**Student:** 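I have a structure here, written as structure tokens, and I will follow up with some questions on it.
Note: hydrogens, waters and symmetry copies are ignored here, and every other heavy atom, side chains too, is used. Note that this is a predicted model, so its numbers are computed, not measured. Starting from 1, each residue takes its place in the sequence as its number.
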Amino acid sequence: MVSVIVPVYNGEKYIRDCLQSLLTQTLQNFELIVVDDASTDRSGEICAAMATTDSRIRLVQLQENSGAGMARNRGMETAIGRFLTFVDGDDVVEPEYLKTLYAQAILHNADVVSGGSQEYRLQKDGSYLLYDLVRLTDSVWIMPENVLLRIEAMLENRTNVASWGKLYRRELIEKYQLHFDDMPNFEDCLFNFLCLYYAKRYVFISATDYHYHVREQSLSRGQDLSKIKQYWLSGIKTLLACEQWMAGMELFQQNPELKQRIKAYFFGIFLKRHMLPVSKCYSLEQINQEIGPYCQEYFKEQQDFVMLLLDYCVMQQYQLKDEEE
């Protein structure tokens with residue numbers, strides 16, 4: 001059985017389409033665990049109503065808003081399937097999504113199967129622009145067992161650290177006590193890095209059956225300067241957690257340069273996801289005023305280098321604006 005875990009928070013506009021796309025899967029043997037993260041809109045009501053019409057839906061309602069990571073953790077505690085997959089509450093999947101991932105997991109005895117996706121990005125006129133997010137030239141790629149080669153593939157951006165679009169063997173997660181960190185952003189980065197590290201067999205497939213939507217909430221996140229502290233602290237927590245884990249691993253004790261490259265990789269994700277959007281709307285001086293103290297506290301002697309990276313983000317935005325004009 002496959003356990004599908006769907007965290008939802010104030011997603012009344014999209015959750016019905018999301019769940020309906022899962023209920024029409026060609027793979028029949030699955031349970032659908034919907035975790036309502038204390039929504040204040042009609043999300044919980046919609047999910048409860050749909051649960052009365054299909055016994056595969058199991059609704060878990062949290063009393064306090066905890067974030068997507070903690071909602072996924074609660075879903076994993078509830079799950080009984082041999083495999084787990086996560087679907088965001090505002091995304092949809094094709095009918096063959098579960099069947100394709102499950103078939104590849106069984107065929108290759110995989111601990112993790114990662115598929116491609118299609119990204120739908122909202123445009124100013126209300127339409128969506130479609131991107132195919134596929135990292136393969138072949139239909140299937142089995143990652144090497146050598147963990148150093150796997151990490152190199154990650155550092156070369158041949159993998160991703162998103163939790164959606166993947167199928168995980170529950171035994172892997174339980175054996176190494178893997179979980180999502182309690183933070184509002186980047187909660188899936190370390191989780192998926194550890195899955196890549198510990199999995200005996202990690203398989204990529206080219207199928208793009210997951211439809212990831214970048215909606216107005218995501219596009220407007222850089223317009224609120226007050227949230228930059230939240231993003232920055234989440235990024236720092238991820239780096240600290242990664243450092244703590246690597247400190248106890250012989251591989252990274254013997255390869256300090258690799259440890260630094262991994263930290264740089266996660267920091268790069270942070271810049272791309274959040275600093276670039278923020279830099280579209282605010283000057284470097286404004287950004288520095290908000291996060292300068294955190295740079296000094298965590299990065300210490302590297303603070304000047306970090307600020308140069310942020311300056312680069314701002315300059316990139318100016319260059320893009322000039323090209324558009």
Side-chain angles (χ1 to χ4, degrees), residues 1-12 14-23 25 27-41 43-52 54-93 97-98 101-102 105 111-115 117 161-195 198-199 210-213:
M1 176 186 285
V2 174
S3 295
V4 184
I5 299 171
V6 180
V8 57
Y9 176 69
N10 289 352
E12 63 180 5
Y14 317 113
I15 189 60
R16 191 185 302 276
D17 289 341
C18 173
L19 298 185
Q20 192 58 44
S21 73
L22 288 162
L23 294 176
Q25 291 294 296
L27 180 73
Q28 295 298 310
N29 188 24
F30 71 92
E31 62 173 352
L32 178 49
I33 302 172
V34 184
V35 184
D36 177 20
D37 193 16
S39 296
T40 58
D41 64 2
S43 295
E45 178 183 339
I46 294 170
C47 295
M50 295 186 70
T52 63
D54 197 308
S55 61
R56 292 174 295 180
I57 300 179
R58 299 168 59 194
L59 177 60
V60 178
Q61 293 184 296
L62 305 183
Q63 298 304 308
E64 295 182 359
N65 179 248
S66 304
M70 302 308 288
R72 293 190 192 106
N73 288 341
R74 183 62 180 275
M76 289 195 292
E77 293 171 2
T78 307
I80 61 174
R82 183 183 176 191
F83 292 93
L84 308 176
T85 189
F86 304 99
V87 176
D88 287 351
D90 58 349
D91 295 334
V92 297
V93 295
Y97 174 70
L98 293 180
L101 289 175
Y102 180 75
D111 287 327
V112 181
V113 179
S114 179
S117 65
V161 292
S163 57
W164 44 261
K166 297 179 174 68
L167 189 71
Y168 306 85
R169 189 181 297 271
R170 193 176 70 167
E171 181 182 355
L172 171 74
I173 292 172
E174 292 178 344
K175 179 178 180 179
Y176 295 103
Q177 299 180 335
L178 304 180
H179 62 276
F180 292 92
D181 289 324
D182 183 8
M183 59 182 69
N185 309 95
F186 307 110
E187 75 285 344
D188 47 3
C189 289
L190 186 56
F191 175 87
N192 281 291
F193 173 50
L194 296 184
C195 284
Y198 285 122
Y210 192 101
H211 295 183
Y212 172 66
H213 288 81

**Student:** Would you compute the distance between atom CG of Asp37 and atom CD of Gln61 and round it to the nearest 0.5 angstrom?
**Tutor:** 11.5 Å
**Student:** Is there side-chain contact between Ile57 and Cys47, with at least one heavy-atom pair below 4.5 Å?
**Tutor:** no
**Student:** Looking at Ser3 and Met1, would you say the former's side chain and the latter's main chain have a donor-acceptor pair under 3.5 Å?
**Tutor:** no
**Student:** Drop me the distance from Asp88's CG to Cys18's SG, to the nearest 0.5 angstrom.
**Tutor:**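 Going from the CG atom of Asp88 to the SG atom of Cys18 covers 8.0 Å.
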**Student:** In chain order, what residues pass the side-chain hydrogen bond (donor to acceptor under 3.5 Å, both in side chains) check against Ser21, with sequence neighbours excluded?
**Tutor:**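 If we apply the side-chain hydrogen bond (donor to acceptor under 3.5 Å, both in side chains) test to Ser21, skipping adjacent residues, there are no hits.
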**Student:** Mind checking whether Tyr210 and Trp164 have parallel, tilted or perpendicular rings, split at 30° and 60°?
**Tutor:**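 Tyr210 and Trp164: parallel rings.
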**Student:** With a 3.5 Å distance limit and no angle check, can you tell me whether Arg56 reaches the backbone of Leu23 through a side-chain donor-acceptor pair?
**Tutor:**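 Pair found, side chain donor or acceptor close to backbone of Leu23.
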**Student:** Start with the C-alpha distance between Tyr168 and Phe191, add both sets of side-chain angles, then the distance that settles ring pair (Phe, Tyr, Trp, His ring centres under 6.0 Å), and finish with yes or no.
**Tutor:** CA-CA 11 Å; Tyr168 306 85; Phe191 175 87; 5.5 Å; yes
**Student:** Out of Glu187, Glu77, His179, which one pairs with Arg72 under the side chain to side chain donor-acceptor pair (under 3.5 Å) rule?
**Tutor:** Glu187
**Student:** Do the side chain of Asp91 and the main chain of His213 share a donor and acceptor less than 3.5 angstrom apart?
**Tutor:** yes
**Student:** For Gln25 versus Leu98, what's the shortest heavy-atom pair and its separation?
**Tutor:**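 Here Gln25 and Leu98 meet closest at OE1-N, 2.9 Å.
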**Student:** Hey, are the side chains of Glu12 and Glu45 touching, using non-hydrogen atoms and a 4.5 Å cut-off?
**Tutor:** no
**Student:** Rounded to the nearest 0.5 Å, how far apart are CG of Asp111 and CG of Leu167?
**Tutor:**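 Output value for this atom pair is 10.5 Å.
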**Student:** Please check: side-chain N/O of Asn192 versus main-chain N/O of Asp188, any donor-acceptor pairing under 3.5 Å?
**Tutor:**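 Looks like yes, one N/O pair under 3.5 Å.
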**Student:** Measure up the Tyr198 and Tyr176 rings against each other and bin them: parallel (under 30°), tilted (30 to 60°), perpendicular (over 60°).
**Tutor:**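 If you compare the ring of Tyr198 with that of Tyr176, the planes turn out parallel.
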**Student:** Please work out whether the ring planes of Tyr102 and Phe83 are parallel, tilted or perpendicular, with thresholds of 30° and 60°.
**Tutor:**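 Correct class here is perpendicular.
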**Student:** Can you list everything that forms a side-chain hydrogen bond (donor to acceptor under 3.5 Å, both in side chains) with Thr40? Sequence neighbours excluded, please.
**Tutor:**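 Partners of Thr40 under the side-chain hydrogen bond (donor to acceptor under 3.5 Å, both in side chains) test: Asn10.
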**Student:** Any side-chain heavy atom of Ser43 within less than 4.5 Å of one from Val8?
**Tutor:**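 Contact flag for Ser43/Val8 side chains = yes.
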